[in-house]
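Below: one structure, written as structure tokens.
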Amino acid sequence: MPELPEVETIRRLLRNGGLNSPSLINMKIIGAEVLWDRTVVEPAASIFIDKVINQTIKDVDRRGKFLILVLADYNLLIHLRMSGDILIESLDEPLGKHHRVVLILDEGIKLAFVDPRKFGRVWLLTETSRVIGALGPEPLSDEFTRGSFFQRLNNHHRQIKPLLLDQNFLAGMGNIYTDEALHCAKIHPLLKSDQITRKQSDRLWECIRSILLEGIKNNGASIDWVYRGGDYQNYFRVYQRRGEPCQVCGVDIERIVVGQRGTHFCPECQPLPSK
DNA sequence: ACGAGCGCCTGTCGGC
DNA sequence: TGCCGACAGGCGCTCG
């Protein structure tokens with residue numbers, strides 16, 4: 001489900017509070033349940049429960065698509081993968097059928113990791129580098145510069161879309177925002193990364209950042225049967241718009257498969273790479 | 001180094 | 001109505 005903007009939206013909600021949920025900062029975990037063992041990568045579920053109880057939540061952070069609950073003695077890494085979500089619920093609310101991990105907090109609420117497809121994962125670690133150490137730069141940070149981006153594009157001979165989806169190349173891009181950014185930059189998803197000119201690279205750099213910021217501003221996207229409050233889905237230019245006219249040129253949006261992922265683009269604005 | 005195929009899972013939707 | 005395939009916001013693995 002979530003890409004960088006959706007995870008960032010959840011981070012801000014947990015950290016700052018909002019809607020009907022309070023900030024989690026300084027709340028204490030007083031109980032824990034693991035409903036689906038494989039969700040917890042490490043440590044083993046029983047040890048996870050032992051260790052996480054009595055921990056205080058010091059901060060809520062994010063790295064790429066990883067949500068990080070900074071606890072007094074550990075870091076709780078959460079990756080929502082395709083269908084995961086974090087809900088804050090009152091204690092008397094019954095557990096839904098897709099609840100996988102639940103943390104009981106003081107103040108009478110619980111933090112629930114809900115995940116129909118069971119792809120999501122959590123780790124309780126002191127040292128996080130083993131899991132997130134190889135991630136590429138944060139696209140909205142200062143270390144992500146036009147110059148370094150262009151250089152690194154040219155260090156690879158890869159289709160641009162799968163390269164942007166590679167979390168060790170750039171952290172946080174997923175299928176939606178990649179399609180949107182490539183359309184914005186007028187670059188075909190199959191163009192080889194080392195055929196991208198400096199001018200195209202600069203445009204793509206700008207588009208990645210503006211599209212992600214637009215997603216965050218709209219609290220992310222809510223698609224399929226999962227509604228989580230964001231409304232960026234109303235602003236998609238190409239994603240899931242096969243057959244609809246391109247908002248720039250009017251030509252029908254096409255869908256192809258690239259790297260096993262549905263890929264949406266405008267054949268007029270994003271012409272095929274020269275063979 | 002790169003890309004394709006597959007596994008992990010459950011749910012929805014469209015076509016017949 | 002039921003069945004069946006396509007498809008879904010991700011990623012790790014193996015194999016050429």
Side-chain angles (χ1 to χ4, degrees), chain A residues 1-11 35-42 62-67 77-86 96-101 113-123 130-136 152-182 189-195 208 211-212 214-216 218-243 255-264 273:
Chain A
M1 150 168 125
E3 307 180 25
L4 188 155
E6 289 75 29
V7 179
E8 178 63 17
T9 299
I10 293 172
R11 183 189 79 84
L35 292 313
W36 181 256
D37 276 358
R38 297 192 58 177
T39 300
V40 181
V41 179
E42 66 172 283
R62 180 188 60 74
R63 180 75 173 91
K65 301 174 194 172
F66 287 84
L67 190 66
L77 301 188
I78 302 174
H79 198 304
L80 304 172
R81 293 279 179 97
M82 289 287 269
S83 62
D85 199 4
I86 301 288
K97 77 187 269 204
H98 298 133
H99 282 51
R100 307 305 178 197
V101 176
F113 178 41
V114 179
D115 183 24
R117 291 180 73 180
K118 301 178 177 172
F119 289 165
R121 294 290 181 263
V122 310
W123 299 254
R130 209 170 58 256
V131 178
I132 59 174
L135 287 177
R152 293 174 65 242
L153 285 177
N154 278 268
N155 287 341
H156 295 276
H157 184 67
R158 291 179 62 181
Q159 300 165 342
I160 183 61
K161 174 164 178 183
L163 183 58
L164 292 178
L165 287 174
D166 183 340
Q167 301 299 299
N168 293 339
F169 181 78
L170 186 61
M173 296 293 283
N175 208 35
I176 294 175
Y177 294 93
T178 299
D179 280 3
E180 296 296 325
L182 288 173
L190 290 177
L191 184 61
K192 294 287 189 175
S193 56
D194 55 359
Q195 290 178 242
I208 287 169
I211 293 282
L212 288 174
E214 198 183 346
I216 292 170
N218 289 282
N219 298 314
S222 310
I223 63 169
D224 294 339
W225 71 99
V226 186
Y227 178 73
R228 349 186 329 268
D231 60 359
Y232 186 59
Q233 68 279 7
N234 299 322
Y235 303 94
F236 292 164
R237 285 110 168 142
V238 287
Y239 185 77
Q240 285 187 344
R241 294 204 182 280
R242 167 165 46 176
R255 180 186 182 278
I256 58 174
V257 175
V258 178
Q260 287 81 242
R261 310 301 301 278
T263 297
H264 314 76

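Chain A is the first sequence line, chain B the second, and so forth, proteins listed ahead of strands; every chain is numbered from 1. Please read all numbers here as calculations on a predicted model, not as lab measurements.
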* Asked: Can a salt bridge be assigned to the pair A/Glu42 and A/Arg130 using a cut-off of 4.0 Å between side-chain N and carboxylate O?
  -> yes
* Interatomic distance where CG belongs to A/Leu165 and P belongs to B/dA4 [whole Å] -> 13 Å
* To do: Using the six-membered ring for Trp and the full ring for Phe, Tyr or His, decide whether A/Phe119 stacks on the six-membered base ring of B/dC8 (centres under 5.5 Å, planes under 30°).
  => yes
* Asked: When you compare B/dC6 with C/dG5, how far apart are their P atoms, in angstrom units rounded to a whole number?
  -> 16 Å
* Please state the P separation for the pair C/dA8 and B/dG5 - nearest whole angstrom. => 16 Å
* With sequence neighbours excluded, residues passing side chain to side chain donor-acceptor pair (under 3.5 Å) with A/His156 -> none
* Got A/Leu165 and A/Arg261 here, is their nearest side-chain heavy-atom distance under 4.5 Å? -> yes
* **Centroid-centroid distance, A/Trp36 to A/Phe113, less than 6.0 Å** => no
* To do: Mind checking side chain to side chain contact (heavy atoms under 4.5 Å, CB included) for A/Glu214 and listing every partner two or more places apart, or none if nothing turns up?
  => A/Ile211, A/Asn218, A/Tyr232, A/Tyr235, A/Arg237
* Asked: Rounded to the nearest Å, what distance is computed from the CG atom of residue A/Leu163 to the P atom of nucleotide B/dC2?
  -> 8 Å
* Length of the line joining A/Trp123:CH2 and C/dG12:P, which is rounded to integer Å -> 8 Å
* To do: Both distances under 3.5 Å, Watson-Crick or G-U wobble: on that basis, could you give the dot-bracket string for DNA chain C, with [ ] for crossing pairs and | for other-strand partners?
  => .|||||||.|||||||
* Please answer whether the main-chain N or O of A/Arg158 pairs with a side-chain N or O of A/Ser193 as donor and acceptor at a distance below 3.5 Å. => yes
* Structure fact -> To the nearest angstrom, the CZ-C1' distance between A/Arg261 and C/dC7 comes to 11 Å
